[in-house]
Amino acid sequence: MEINGIQRSIKSFNALEKGVLIQYIVSAPEEIKEAQNSDEQAALLIDSVTFEEAAQLAQANTAFVKALAKKSKLAIHPGGWQSWSAGWELVGNESLPRKVHVVPELLKFTNRDGDNPGKGEILGHFIMYIRSGSTYLCIASKEGGTLPPVTYRIDRKSGRISIEVFAQNKAWASGETIAELYVFNAEGFFDLKDTLRKLYQSEQRFSDLSFLRQGSGRERVPQASPWITKRDMPGGFESWYNHYTDINERLILEDLESLGTTNNLIKLQYVDRKRPTVFQIDDGWEKAVGHWEIDTNKFPKGLKTVSEAIEAKGYIPGLWIAPFLVTRKSPVFTEHPDWVLKDKEGALVVAGYNDLWDKQFYCLDLSLPAVQEYLDRIMDRAINEWGYRYLKLDFLYAGLLHGAFAGGGAAYELYERACAILTSRQTTKTGLPVAYLGCGVPFGPSYKHFPLSRIGADTKEQWDWLKVKLVGHVGRPAAYVSLHDTIGRSYMDNTIYVNDPDVVFLRSQNCKLTEEEKEVVALTNFMLASQVMFSDDPAHLSEEDRALTKRISQLYDELADGDYGVLRLKQDLFHVFSRDGKVQGIINLANRGMQLNRAQAPQLFDAIETGRPLINHIQRIGKQKASFARHSITIFRKN
């Protein structure tokens, strides 16, 4: 579709055997300015294609093009705006809530600022695909840097994708590139992953994380492959999913001491094998969110002595910060009110809602030099004064909220500059390597700065959170939601991102998950993502907890040489398989046992009949059908 003021150029691309690179170039800046000014809240339309037109650009075969006509059978993956956005396929009439009841601010956690889906529309971001069977039609945006975020407005009924960029306040110049999209066809899950790996060229970014995977943790390993294997995934301990904000120096040092002296998962998989091990302090150390001073009532000796104790154990010290956020309790709010982002009417731009803080919270105006200097000081203090080398930077989506920026500019340009400041220190002043974990991170604008990132909603020590589910919050903290995201975004793992799926749970104390639920979390995270973290109190694992831990550790070893893919078979039921086909499994997230026909996964049935079980939750099985227990994972290995 031709758009006034924009020239579309279609090119072949060496990394694509089947597909093209489409570039959108400004040809008439005044026409674009007029379109932007007509509705400042709307994204800028740059193209519109039917499903069939996109498939033809991707050089898809005739059978796939015909399959696109059966729209109720298609699986559509919208990608998602940020870590906590819904990260799973939608089939038939499945949809996402358009609003959140009671606490509307929760939409900030999942939707791009300015998202306004029409009735029946799905809004996608960064990378989207349409799948029929095991064939994928993918549109992937090469955004970040000078390129703004791309949105896909997907209308299933008409079979059309409208492509937009959200670049409010951007002044375009003639000849400037607005967007670059790869449109390609992939045959199977691994073809999709391998193509994305070629397109996004993450080798150097992943190599910078080598010290989290190999060696002593105190230097990068230049000879290491950039690509992560199951034998050298980053991992360690973080304090959040047990203590939450109720932490103090005594508690943290007790966890530090017991991590290496009790038979917990991190000791068995990391400490005992002399693998680099992260020990990360989460939210609760600071005086208030937005007031990044140490709460000396909790940490009377400060944080430097704690990081030194962590280093003395041979671990990598980690610390949580939400650098873009401001709460009313923070001095920034009262002493520097001009630093807080406001809209054109002068009202504060709300960045979200959190009961653990002071309800609504706000964000900084990233256009101000003083704010940029403030961000730089926060990071310098955490890294060079306090000694932390694994920085979990949370709620980063707040850096892409729109407002009346005092210094002018487009949000995505300001976000790019701010992320460059946050991640500018790749080593401490003494030469030790530093890594950053992005969380609540907008995927497209962030992968170049945060190759290690959370790719799903927060997990929780219970299967689902019914109260929050009922208000329509798709990004709610819950094991069920987190697992869907881990499965749904596994195509990005070890290609564009080093996927952090969030923690595993193996404890009984302060945990409502069943043993089967703990198994499915631990094994799904291991097979389909690339970081293993936990928050269990190592000193309080029961005998049963330690037995489960030993069994999970042995399964990790059994599965360590594989590369794993996944395919949705029906809602909440997934076929998981290794690249070589020798490992076959089923993940059932449904609240009931689920039945599967042989025709849906013939290789799985072959493995069940001729192989051996690694973990088995089959309820009933015949020649043509099998039933799998609720909230479980079943894995067989072919002989």
Side-chain angles (χ1 to χ4, degrees), residues 32-45 81-82 85 97-118 123 125 148-149 151 153 164-172 288-291 322-355 357-372 374-375 395-418 440 442 445 471-473:
I32 294 177
K33 184 177 181 181
E34 185 178 341
Q36 287 179 312
N37 290 341
S38 65
D39 185 353
E40 291 185 353
Q41 292 302 311
L44 176 67
L45 179 67
W81 169 237
Q82 58 121 319
S85 305
R98 297 170 63 194
K99 61 182 179 179
V100 174
H101 305 281
V102 185
V103 188
E105 296 94 338
L106 293 176
L107 268 181
K108 299 278 188 177
F109 291 165
T110 57
N111 289 23
R112 189 209 68 198
D113 196 24
D115 272 356
N116 58 339
L123 288 191
H125 302 277
T151 295
R153 191 175 294 273
E164 306 170 341
V165 297
F166 204 57
Q168 193 181 96
N169 298 330
K170 169 65 177 176
W172 295 102
V289 170
H291 187 193
F324 296 151
L325 298 193
V326 180
T327 58
R328 290 180 179 271
K329 293 179 180 178
S330 67
V332 166
F333 190 86
T334 52
E335 296 173 12
H336 301 283
D338 55 313
W339 288 12
V340 185
L341 186 63
K342 302 170 186 66
D343 64 20
K344 288 191 173 181
E345 283 69 47
L348 296 170
V349 172
V350 176
Y353 181 97
N354 193 324
D355 269 333
W357 303 339
D358 51 357
K359 307 297 190 288
Q360 286 186 341
F361 54 86
Y362 311 96
C363 56
L364 295 168
D365 183 341
L366 300 182
S367 70
L368 295 170
V371 168
Q372 295 159 22
Y374 162 81
L375 294 174
F395 293 84
L396 292 176
Y397 71 87
L400 272 160
L401 296 175
H402 289 80
F405 295 111
Y412 77 93
E413 294 175 315
L414 302 174
Y415 180 80
E416 170 70 19
R417 185 189 307 161
V471 305
H473 183 26

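Nothing fancy with the numbering, it's 1 onward along the sequence. Nothing here was measured: the structure is a model prediction, and the numbers come from that model.
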Peer 1: Considering only heavy atoms from C-beta outward, does the side chain of E105 approach that of F361 to under 4.5 Å?
Peer 2: no
Peer 1: Once you round to the nearest 0.5 Å, how far does CG of L107 lie from NE2 of H473?
Peer 2: 9.0 Å
Peer 1: For the CG atom of L348 and the CZ atom of F333, what is their distance to the nearest 0.5 Å?
Peer 2: 5.0 Å
Peer 1: Donor-acceptor pairs under 3.5 angstrom involving side-chain atoms of residues 398-415: please list them, not counting sequence neighbours.
Peer 2:
unit_1 : atom_1 : unit_2 : atom_2 : d
H402   : ND1    : D113   : OD2    : 3.3
E413   : OE1    : A410   : N      : 3.4
E413   : OE2    : K170   : NZ     : 3.0
Y415   : OH     : S446   : OG     : 2.7

Peer 1: Would you say that T151 contacts L123 through its side chain, given a criterion of any heavy-atom pair below 4.5 Å between the two side chains?
Peer 2: yes
Peer 1: Please name all residues satisfying salt bridge (Lys or Arg N to Asp or Glu O under 4.0 Å) with E164, sequence neighbours left out, ordered by chain then number.
Peer 2: R153
Peer 1: Does any part of the side chain of N354, heavy atoms only, come nearer than 4.5 Å to the side chain of T327, both counted from C-beta?
Peer 2: no
Peer 1: Got a donor-acceptor contact below 3.5 angstrom from the Q82 side chain to the F109 backbone?
Peer 2: yes
Peer 1: Would you compute the distance between atom CD of Q360 and atom OH of Y353 and round it to the nearest 0.5 angstrom?
Peer 2: 8.5 Å
Peer 1: So do the side chains of K108 and Y397 get within less than 4.5 Å of each other, counting heavy atoms only?
Peer 2: yes
Peer 1: For the pair L341 and V326, evaluate side chain to side chain contact (heavy atoms under 4.5 Å, CB included) and give the outcome as yes or no after the intermediate values.
Peer 2: CA-CA 10 Å; L341 186 63; V326 180; over 6 Å; no
Peer 1: Hey, are the side chains of P442 and W81 touching, using non-hydrogen atoms and a 4.5 Å cut-off?
Peer 2: yes
Peer 1: Using modelled atom types and a 3.5 Å cut-off, is there a donor and acceptor pairing between side-chain atoms of Q372 and backbone atoms of A418?
Peer 2: no
Peer 1: I need the minimum non-hydrogen distance between P323 and L364, along with the two atoms involved.
Peer 2: O-CD1, 3.4 Å
Peer 1: Report yes if some heavy atom in the side chain of D115 is under 4.5 Å from a heavy atom in the side chain of T110; otherwise report no.
Peer 2: no
Peer 1: Working to the nearest 0.5 angstrom, can you tell me the gap between L368 CG and W339 CH2?
Peer 2: 9.0 Å
Peer 1: Considering only heavy atoms from C-beta outward, does the side chain of H336 approach that of D338 to under 4.5 Å?
Peer 2: yes
Peer 1: In the structure I gave you, are the side-chain heavy atoms of Y362 and V350 within less than 4.5 Å of one another anywhere?
Peer 2: yes
